[in-house]
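Counting from 1, the numbers follow the sequence of the chain as shown.
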Amino acid sequence: VKAQLIFFTDVHVMIFVGFGFLMSFLHRGGLTSTGHAFLVAAYTAIWALLNHGFWKRAIAEDHAWDLITISIEDLLNVDFCAGAVLISFGALLGRVSVGQLLVMAIIEVVVYCINEVVVMERIFAIDAGGVYFIHMFGAFFGLATSFALERFNSARKAVDCSAAGSTRVTDTLAMIGTLFLFVYWPTFNAAALHSTTSHDRAIVNSYLSIAMSAVAAFLTVILIDPRGKIGMVEVQNSTLAGGVAMGAACGLVVTPVGALLSGAVAGIVSVVGYRYITPKLESAIGLRDTCGVLNLHGIPSIIGAVVTAIAIGAAEGTDKYKGTIGEVFHKVADRSYSTQAWMQIAAIGVTVGFAVAGGLITGFIMSRMPNLPAFFEDIHEYTTPEEHNATEHGTPEGVVTADQLVEFNDKTADPNQEEMKDVNGAQEPKEEIQNPDN
């Protein structure tokens, strides 16, 4: 119980703090990023408790229709579900209202739980760290939702998107989320395992993989950037791709070299995705992906599934697992390694199928709901400090844009206040607004 509590606490911090801050890069949408993430994670946890218990009893082979109980393990499972919904939210960040987001969460939790039970209790895929039912499902569900939302609501093309982008301050804030995720990812991957041997193996493999993906991401960005500079979009996201790639295989004997290689490949592919694939998809088919979940979760999860299949298939005819085979393959010990490897590949198709079908339906439903007046703006759903200050100073009602509020603050500022200077006495330059596909 004590070990479960420690793992649950680590996963809880990762979901509510790590994911929330990772999405806080929008310079005029930080309240929306962190506030909506908090709301959807809390709501998802409650809704998932009922759905997880129901669908497990409805689909799994060995479950009777008894009372749904709640334990620390159940809370861990609903946090995993919240992680999948937050990943989907990342694809839509700044472009959906809180009402649309809650509708997405209601539908996604149902489809998520069905997919999880099918993959884990029918196909019996090996997936300790949620490569299939968290990262792969969450990414492709969010992308399908985004695609359908834009395709079935043509009015969204005319909505103002000028507030998209980040500053050095918001990028630094988002790095808090990156560092939290980096620190806790090894325990996230190991949390669902049930033995000390598996826990140790999972933490070591995950740490090696995510550390290598961080190194590979930095080096790849420098090599492909025309100016040889490091981009914060990749630093915030691609550095974590190794944690995703090692999610399912973390409890397997992949060897240190295998873990390092998996992390390197995931980091490199993720950077390439952010630089080339995401912009190409948006221009070619109109697929908008605010946080680039395809590159942090989607593609690395497929890499992770393939790595798992290779690791399992390579064990055929060996005694790699000796007395621990029941711990690693606790529900599939009667299968051959090669059969299990092919089932891991089959689980990719099942998960992507559920995710895309559910996402397209959800996107269509959300497209029938009202659009936000402008995207990537806090002011339409949150009381911002600028709005509060303007109200306190008696500005007329009806101020609805951040530009009007900034203009009001400029007019009411103290004219005698000196401009900020740096230590050399020169005027400090205004901060440049970046506009990445983060």
Side-chain angles (χ1 to χ4, degrees), residues 2-22 72-73 75-77 79-84 86-87 126-136 138-139 175-218 235-268 270 296-297 300-301 303-305 307-308 311 321 324 327-328:
K2 184 177 180 180
Q4 278 190 326
L5 180 60
I6 293 173
F7 281 113
F8 167 71
T9 303
D10 288 356
V11 171
H12 211 49
V13 171
M14 187 171 171
I15 297 299
F16 282 88
V17 179
F19 278 103
F21 275 102
L22 182 65
I72 293 178
E73 184 175 356
L75 297 181
L76 187 64
N77 287 328
D79 267 3
F80 286 155
C81 182
L86 287 177
I87 291 169
I126 305 300
D127 191 15
V131 157
Y132 295 93
F133 61 88
I134 299 176
H135 302 289
M136 191 182 299
M175 277 300 297
I176 296 175
T178 299
L179 295 176
F180 264 100
L181 292 171
F182 183 89
V183 169
Y184 286 107
W185 213 298
T187 50
F188 178 89
N189 282 349
L193 295 170
H194 299 283
S195 72
T196 302
T197 301
S198 298
H199 284 157
D200 291 350
R201 187 184 291 149
I203 290 173
V204 170
N205 287 337
S206 299
Y207 183 81
L208 292 176
S209 183
I210 197 170
M212 192 63 203
S213 70
V215 175
F218 271 99
V235 171
Q236 292 162 3
N237 296 279
S238 298
T239 53
L240 304 173
V244 177
M246 193 45 57
C250 62
L252 305 177
V253 179
V254 297
T255 74
V257 173
L260 291 170
L261 183 60
S262 300
V265 172
I268 293 169
S270 180
L296 174 54
H297 302 279
S301 67
I303 294 173
V307 168
T308 306
Y321 298 98
T324 65
E327 300 172 4
V328 181

Only pairs under 3.5 Å count here: list side-chain donor-acceptor contacts from residues 250-264, not counting sequence neighbours, and write none if there are none.
from	atom 1	to	atom 2	distance (Å)
Thr255	OG1	Gly258	N	3.1
Ser262	OG	Gly258	O	2.8

Tell me, do [X] and [Y] make a side-chain contact under 4.5 Å, heavy atoms counted?
| X | Y | value |
| --- | --- | --- |
| His199 | Phe7 | yes |
| Val17 | Tyr184 | no |
| Met14 | Phe180 | no |

How long is the straight-line distance from [atom2] of [Y] back to [atom1] of [X], given to the nearest 0.5 Å?
| X | Y | atom1 | atom2 | answer |
| --- | --- | --- | --- | --- |
| Leu5 | His12 | CG | NE2 | 11.0 Å |
| Gln4 | Leu76 | CD | CG | 8.0 Å |
| Asn189 | Tyr207 | CG | OH | 14.5 Å |
| Ile303 | Ile268 | CD1 | CD1 | 9.5 Å |
| Asp79 | Thr9 | CG | OG1 | 10.0 Å |
| Ile176 | Gln236 | CD1 | CD | 11.0 Å |

Taking all atoms of both residues into account, what is the closest heavy-atom pair of [X] and [Y], and its distance?
| X | Y | answer |
| --- | --- | --- |
| Thr178 | Leu240 | O-CD2, 3.7 Å |
| Ile15 | Gly83 | CD1-CA, 3.7 Å |
| Ala248 | Ile126 | CB-O, 3.5 Å |
| Leu193 | Ala202 | CD1-CB, 3.5 Å |
| Ala241 | Ser213 | N-OG, 3.9 Å |

Atom CZ of Phe182: over 12 foreign heavy atoms under 6.0 Å: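 Check passes, neighbour count above 12.
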Distance flag, aromatic centroids of Phe80 and Phe188, threshold under 6.0 Å: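 Centroid distance Phe188-Phe80: below 6.0 Å, so yes.
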Using a 3.5 Å cut-off and no angle test, enumerate the donor-acceptor pairs between side-chain atoms of residues 128-135 and protein atoms at least two apart in sequence or in another chain.
from	atom 1	to	atom 2	distance (Å)
Tyr132	OH	Gln344	O	2.7
Tyr132	OH	Gln344	NE2	3.1
His135	ND1	His297	ND1	3.1

Side chain Thr239, main chain Ala214, donor-acceptor under 3.5 Å: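 No, because the side chain of Thr239 does not come within donor-acceptor range (under 3.5 Å) of the backbone of Ala214.
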